[in-house]
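Computed from a prediction, not measured in an experiment: that's the story for all the values here.
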Amino acid sequence: MITGGQSLVSSAPAFSNDGKKLLVCTGNIVSIFSTSTGMLITELEGHTDRVTSVIVVPVSGPVSKIMSYCWTSSLDGTICYWDFSAAELIKTIKAQHPIISMVIPSIACHPAESIEKESKLYAFVSIEDTSKLDDKQKALRGQVQLYSLTDSRRVGGLLCETRKSHLIHASKSGEFIGIVNKRKLYIWQIPGKRFRSDEVKKIRLHPTKNLSTLAFHPTERVVAGGDITGRILIWRGFGKKKFLEKLPVRDEEERPGVRGDDDADSCTTWHWHAKEVKFLFFSSDGAYLYSGGKEGVIVVWQLDTGKKKFKPRLGSPLIYFIDSPDPNLSCLSCADNQIHLVKMPTMEIIKSISGIKLPFSFPDSFECSNNEFAFHNDAGLIALLTEDYCVQFFSLFENREISQVQVCERNFQPVDDVTVFVALAALSPDGSMMSTVDVKLPEEGLGGFVTLKFWSGSHIGEYTLSTVIYEPHSDAQISAIAFRPGGPGHSMAVSSSLGGDFKVWVNSSNMPQEGQMHQKLGWKCQSVGSYKNMPMTAATFSADGSVLAVAAENLFTLWDPDKNVLIAVIGNTVAPICNLSFIAQSEYLVSISRYSKPQLAVWNLSKLSMQWSYQISTEAISTTKDGSQFAILVIDNTHGKARKRDRDGIILLFEVENPIPLATWRVKKAKGGGLAFLAPDLLLRDTKYPGEGSHSLLAYINGDHEYVIFDPRGTAEVQIARNARTSQVPDKESEYIGYTSIYGELPEFDMKQGDSISEIPFMPSERPWETIFTGSSHNLPPLTKLCSTFLESLLERRTTTKG
């Protein structure tokens, strides 16, 4: 069994002590990547549920290259201690309840080489008490508990109880921890020496809006909190009354911005973000504060003055910002399941670790189509539609991104109201061609249009735009696109629309002339068909490409695609058909209907009648390339409307003539999932089934884009280490010392190249006003400065001569 597609950004990552490795929580394992290559090195396997925290034990000196230890927590209710250099589990502590977050404040005072010598090491964990019923509104399911990692047991009582579990934040010094709970900020002071649980002190601060995150200053008593409206609040001198037992200052004028009896000297408010602040992070010297959110912009605040700088256009909402022991390196987790390795202080992205793109919601006015996934069965690739107007090609066997194709040439800006999106994508059977549909929704009834694009490529995942067709079906929505099986010489595709027609497109190839390196491809409409002006809801070709099936609401029509002749009209389903699939080596066709009256129907084309049917809600279907079997993904409706997004399902494997399934598998999160029969990977062909010939494997991808590949025959489980072939990292990475360790390598200059460089004349612009306002709006100077410069640029300077 092969698994993959886990989120890389569900929890904050952590750097190793030398900064050369990045530990990332991916599902129920911890993946370790090289920061120099971005490739996977190894994985820590032992948890049975999602890993929620990873904390690296600090080690100083040359021993840091040898000793590599970390602690992890998980929703399976366990805390594990690892030697991640050897991927070895050393210790497991059971907490009995799912752990949402964990911090070890005193870990900086307990380096790895002295853990055995120290008497106690404590962890603060945020757990969810599953023994309390979730349907009770006032049930306090969130708890902050204290565990002794040395004694492997819980100690003391509850530090806090809340209705929901919250992330715990710790200061770098280990002196403070805190959580945000709506309009309350809880801060605990942790005793440094001879720790006792009853000596932990707590204060509470009261912002005016619900907080979303917080961060502690590395050296001073300063805490920053970000709220859901985009504001940042800076409390200075907190805890003097409670923690230092100093007399409080009652004069409100001497405590500006502080509410009520909050234990702080002052509270300053900054506001730039338009939406919720997702992370706050202080620089190591405490002079700057980094913030980020949905806008995809890092804001760098100068703590003393409040002045700010920006790193804009990162292309996705930001979630986490983590620094490393290397002062020149940090990492940034983004909502599109990417982790960027950032060079500091310029914040230049030097490497990206890309996971599978996470699902996103189509606008309510757009009916969800059947082409949310497109598979290339022979190559083991899946093409996914992304929120930033791209199609991502992802290798299911290697669990890594192959490429991305930009469908719409426009910058992506995360907004609440989506007006432009990629609606459909389809691949030709050999993967040499791709078709996409992008939609621009009308604004106030104006400006909407649909664009059909055809792409050609010499390699799978690498495509160039061939043809653009604006509004191919007038202003009607395209319901499906499909390619005709066959080689490049028989290139044909069909698009169906809810406007009541379908169009057959053919590819005309002009052979390259002398001196031309590339072949010019173009697509044109060969024929148009319709049936009683009924909406065309699905379309597909037969395995040999001789028959075209197009669904017209509750029935489907069969056509000769070359002559555009109607052959037959079949069916009378209980609901409109949304998917049609031919069974490869048979005379059968399968139709799927959804909505209020779901139905799966198998049709005998030789008899023009229904063979058998079920009234079940089918989410996806896939047919074998050779043979007469097909698999469907069925939504489990036994839970009614509860847990709609995470609703479970069942995979059923059928022989087309037999309504009794050959095999069944129960799966989770079936809503929005997909199925595909894949050709065995080359590694599997060589090692697992020698001499038996190839057979199809079945891939299931769930609504969260996590997937599993398994053998549907069930004779033997596919035994292969996930991502084994991506673990290719040099044994010894280049080390830099002295000047190069701080500033990097100097570029090599060849003085002899001066003669070969063409001289480009440079002259100052005679129209300076055209460049004054050029640049990012974040970095433009104030209008008071621009105005005088602009007016001076319009005046002509005259030289006066004295007579």
Item to check | Side chains of F654 and P661 in contact at under 4.5 Å (non-hydrogen atoms) | outcome: yes
Next on the checklist: Between L697 and I2, is there a side-chain heavy-atom distance shorter than 4.5 Å?
Outcome noted: no
Item to check | Basic-acidic side-chain contact under 4.0 Å: K668, D704 | outcome: no
Checklist entry - What's the shortest heavy-atom distance between E471 and G448, and which atoms? => result OE2-O, 3.6 Å
Checklist entry - Where the side chain of T464 meets the backbone of S456, is there a donor-acceptor pair that is under 3.5 Å apart? => result yes
Checklist entry - Between the main-chain N or O of F393 and the side-chain N or O of S403, is there a donor-acceptor pair closer than 3.5 Å? => result no
Next on the checklist: As a quick check of understanding, evaluate side-chain contact (heavy atoms from CB on, under 4.5 Å) for T618 and N579, giving each step before the final call.
Outcome noted: CA-CA 10 Å; T618 306; N579 188 296; over 6 Å; no
Checklist entry - Under 3.5 Å, is there a donor-acceptor pair between the side chain of T573 and the main chain of N554? => result yes
Next on the checklist: Is any side-chain heavy atom of Y463 closer than 4.5 Å to one of V391?
Outcome noted: no
Checklist entry - So do E387 and D336 actually touch side chain to side chain, heavy atoms under 4.5 Å? => result no
Item to check | Modelled atom types, side-chain donor and acceptor of S606 and E587, under 3.5 Å | outcome: yes
Checklist entry - Distance from I382 atom CD1 to N377 atom CG, nearest 0.5 Å? => result 10.5 Å
Next on the checklist: Can a donor-acceptor pair be found, under 3.5 Å and without considering hydrogens, that links the side chain of T624 to the backbone of Q629?
Outcome noted: yes
Checklist entry - Taking the side chain from S617 and the backbone from P598, do they hold a donor-acceptor pair closer than 3.5 Å? => result no
Checklist entry - Quick one: OG on S435 to CH2 on W523, what's the gap to the nearest 0.5 Å? => result 7.5 Å
Checklist entry - Would you say Q406 has more than 12 foreign heavy atoms packed within less than 6.0 Å of its CD? => result yes
Checklist entry - Counting only N and O atoms by type, is there a donor-acceptor contact under 3.5 Å from the side chain of E619 to the main-chain atoms of G672? => result yes
Item to check | Pairwise side-chain contact, Q392 with I356, heavy-atom cut-off 4.5 Å (strictly under) | outcome: yes
Checklist entry - Under 4.5 Å between any side-chain heavy atoms of S497 and M536, yes or no? => result no
Checklist entry - Do any N or O atoms from the side chain of W455 and from the backbone of E462 form a donor-acceptor pair under 3.5 angstrom? => result no
Item to check | Residue pair F502, W559: steps toward the ring pair (Phe, Tyr, Trp, His ring centres under 6.0 Å) verdict | outcome: CA-CA 11 Å; F502 69 89; W559 301 76; 4.9 Å; yes
Next on the checklist: Any side-chain to backbone donor/acceptor pair from T557 onto V550? Under 3.5 Å, distance only.
Outcome noted: yes
Item to check | Donor-acceptor contact present, side-chain Y707 to main-chain L396, <3.5 Å | outcome: yes
Item to check | Heavy-atom side-chain contact between Y470 and V468 under 4.5 Å | outcome: yes
Checklist entry - Have T537 and S479 got a donor and an acceptor in their side chains that come within less than 3.5 Å? => result no
Item to check | Check: W665 ring centroid to Y700 ring centroid under 6.0 Å | outcome: no
Item to check | Distance-only donor-acceptor check, side chains T436 and D438, under 3.5 Å | outcome: no
Next on the checklist: So, taking the atom named CG in L558 and the one named CD1 in I567, what distance separates them when rounded to the nearest 0.5 Å?
Outcome noted: 6.5 Å
Item to check | Closest contact, heavy atoms only, L555 versus I570 | outcome: CB-O, 3.3 Å
Checklist entry - Where is the tightest heavy-atom contact between P712 and F677, given as atom of each residue plus distance? => result CG-CE2, 4.3 Å
Checklist entry - Taking the side chain from H376 and the backbone from A379, do they hold a donor-acceptor pair closer than 3.5 Å? => result yes
Checklist entry - Relative to each other, are the rings of F375 and F373 parallel, tilted or perpendicular (30° and 60° limits)? => result tilted
Next on the checklist: Taking the side chain as everything from C-beta on, heavy atoms only, tell me whether F541 gets closer than 4.5 Å to P561.
Outcome noted: yes
Item to check | Interatomic distance, K357 atom NZ to C390 atom SG [nearest 0.5 angstrom] | outcome: 7.0 Å
